[in-house]
Amino acid sequence: MIDGVIALYIFMLAAFTGYEVISRVPVILHTPLMSGSNFVHGIVLVGAIVALAAADDTLMRVIGFLGVVLAAGNAVGGYVVTERMLKMFKSSGKK
Amino acid sequence: MPAVSTVNWTQLSYLVAAVLFIMGLKRMSSPVTAVSGVRWAGVGMLLATLATLAFMGASQLNLVLVIAAIAVGGIVAWVSGKRVAMTDMPQMIALYNGMGGGAAAAIAALQLYRGGEPNLVHVSVATIGGFIGSVSFSGSLIAFAKLQGLITRSVRFGGQKVLNATVLVAAAVFGVMTVMGMQTGLPVVSLFFAAALVLGIAMTLPIGGADMPVVISLYNALTGLAVGFEGFVLDNAAMIIAGTVVGAAGTLLTQLMAKAMNRSLGNVLFANFGETAVAGSGAQTGSQKPIEASDAGVMMAYAQKIIIVPGYGLAVAQAQHKVWELTQLLIDRGVNVRFAIQPVAGRMPGHMNVLLAEAGVPYDLISDLDEINAEFETADVALIIGANDVVNPDARTNKASPIYGMPILNADKARNVIVIKRGQGQGFSGIDNALFVLDQTRMLYGDAQAAVSQLIQAVKAAG
């Protein structure tokens with residue numbers, strides 16, 4: 001169980017981390033980066049899995065199923081397009 | 001001393017995943033390490049997912065449902081992600097992002113439907129996360145539909161803001177009722193989610209296509225936040241960390257984009273500028289002077305330094321590969337060729353870089369506004385392809401212009417300017433461009449791909 005105050009600490013530190021990590025990214029990578037951060041929140045998949053695993057009537061299973069489908073789409077789609085974009089960036093040194 | 005069996009492998013995998021996410025995002029901040037960055041994050045995601053599946057202890061039916069749902073969502077996203085054209089990338093990102101928001105909302109819905117949460121803080125956080133996730137879900141779907149061309153008009157009517165405010169208040173009321181009386185159950189919770197979904201749609205519909213990148217970025221940040229909130233509800237540290245990191249990073253990215261477009265976030269969301277065609281203020285003096293491709297080619301062949309300014313028109317015409325061919329020809333002749341990109345060129349900041357990278361243009365030839373603006377004065381030719389507002393000197397000088405104050409590329413400082421343009425009309429935003437009528441500017445009319453092909457022939461003919 002994550003205690004409320006501990007959770008606030010995690011929120012705060014993670015927020016600073018996110019801000020700092022991104023602030024040094026050059027403009028040329030902004031689109032892949034937005035896509036990459038989009039992939040990272042695909043971690044919602046583990047939450048959706050846990051939620052569906054605990055479902056105990058039909059309505060919950062329907063909602064949970066939808067949640068997992070959407071989350072898997074977020075994670076897989078986010079990864080595929082980010083990797084595709086980043087793989088194309090080449091410098092003139094190593095053509 | 002704890003026994004090994006008490007080690008919580010799922011939690012441990014989440015910790016490793018969180019570290020990999022942060023390091024991965026950091027590696028994405030340089031083009032040299034960027035690919036490894038997304039792969040590191042991918043490993044983290046895989047690890048966390050497998051650990052969750054292995055240790056969750058679900059009933060057989062639920063386990064089958066979980067696997068089936070992952071297969072359905074994963075395969076559809078894999079195929080669509082592999083197929084999507086680079087020009088359509090912004091709406092695809094919007095779509096995947098919306099799915100994440102929807103998933104967060106679904107988690108919240110399950111928590112709230114189940115009810116019986118004893119903890120007021122948990123119920124409140126679940127509700128707020130569900131609200132944000134729902135708005136992000138339906139809003140992102142509208143953003144996708146707009147960029148994909150499924151919705152071509154921006155729906156606006158009198159009293160729209162009143163309606164939006166009403167829906168917001170309704171969502172808030174149902175939300176509070178949900179938090180306060182868990183036993184009210186299904187109807188109220190359903191109304192709450194319906195109101196949140198409608199709000200996302202109503203908020204996004206009036207926003208013009210030009211502002212969509214800022215909106216997508218905002219929804220990306222919101223989804224991150226929703227995931228972080230639901231992570232707290234589920235006691236899932238990986239979700240809290242990853243969601244909050246994305247929430248913070250996305251907020252920063254949204255601010256950077258809005259700044260590059262000379263718009264405040266409030267302005268984007270509530271002022272409907274996106275495609276409100278502002279009549280060109282102040283009559284244009286001078287006229288556009290055409291040039292033949294052969295003459296333009298000779299001019300470029302004997303230049304020392306050329307700066308190419310690509311805009312979205314280049315991508316629409318699919319002329320990136322031709323432009324790179326032309327560039328290689330010129331480089332072989334000893335011409336110093338550079339690319340200058342305004343941050344919002346394309347549909348999204350950095351989108352143009354992706355499109356040029358796809359054509360094979362090395363990233364070290366590409367400079368952004370701050371790096372290259374001083375160099376236009378020493379350039380013999382500035383070649384503008386399918387760009388308009390981002391090179392309009394009115395943004396610097398004409399206070400009456402709607403784009404006054406927007407950071408632009410100083411192409412007007414180059415000795416010669418060649419503009420490749422479809423016709424004599426105005427650009428995307430419907431604003432007259434003072435650059436086009438300057439003395440040193442020549443217009444090369446035609447489709448970007450055809451025009452660049454002609455330039456290639458002309459440069460080759462120059463011997």
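So that the names make sense, note that chain A is the first sequence line, chain B the second, and so on, each numbered from 1.
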Check the pair B:I93 / B:H351 against side chain to side chain contact (heavy atoms under 4.5 Å, CB included), numbers first and verdict last. CA-CA 12 Å; B:I93 296 173; B:H351 188 202; over 6 Å; no
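For B:L95, no part sits under 4.5 Å from any heavy atom of chain A, backbone or side chain. Contacts of B:V121 with chain A are absent, with no heavy-atom separation under 4.5 Å from either backbone or side chain. With a 4.5 Å cut-off on non-hydrogen atoms, B:L61 touches chain A through its side chain but not through its backbone. Contact of B:V84 with chain A is made through backbone and side chain together, with heavy-atom distances under 4.5 Å.
For the options A:I10, A:V21, A:L86, A:L33, heavy-atom pairs under 4.5 Å to chain B are most numerous at A:L86. Among B:G231, B:G243, B:P213, B:A106, the residue with the largest count of heavy-atom pairs under 4.5 Å with chain A is B:A106. Of all the listed residues (B:M86, B:K26, B:M92, B:E230), the one sharing the greatest number of non-hydrogen pairs under 4.5 Å with chain A is B:M86. Across A:P32, A:A72, A:G36, the residue that shares the most heavy-atom pairs under 4.5 angstrom with chain B is A:A72. In terms of non-hydrogen atom pairs under 4.5 Å with chain A, the most contact-rich of B:I240, B:I366, B:I341 is B:I240.
Defined by atom type and a distance below 3.5 Å, a donor-acceptor pair is missing between the side-chain atoms of B:T251 and A:Y19. Side-chain atoms of B:T52 and B:Y14 include a donor-acceptor pair closer than 3.5 Å. A side-chain donor-acceptor contact under 3.5 Å links B:S80 and B:Y96.
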Validation: residues 41-60 of chain A side-chain donor-acceptor distances under 3.5 Å, sequence neighbours left out:
{"residue": "A:H41", "atom": "ND1", "partner": "A:N38", "partner atom": "O", "Å": "3.2"}
{"residue": "A:H41", "atom": "ND1", "partner": "A:N74", "partner atom": "OD1", "Å": "3.0"}
{"residue": "A:H41", "atom": "NE2", "partner": "A:N38", "partner atom": "OD1", "Å": "3.3"}
{"residue": "A:H41", "atom": "NE2", "partner": "B:N97", "partner atom": "OD1", "Å": "2.9"}
{"residue": "A:H41", "atom": "NE2", "partner": "B:N220", "partner atom": "OD1", "Å": "3.0"}
{"residue": "A:D57", "atom": "OD1", "partner": "A:L59", "partner atom": "N", "Å": "3.2"}
{"residue": "A:D57", "atom": "OD1", "partner": "A:M60", "partner atom": "N", "Å": "2.8"}

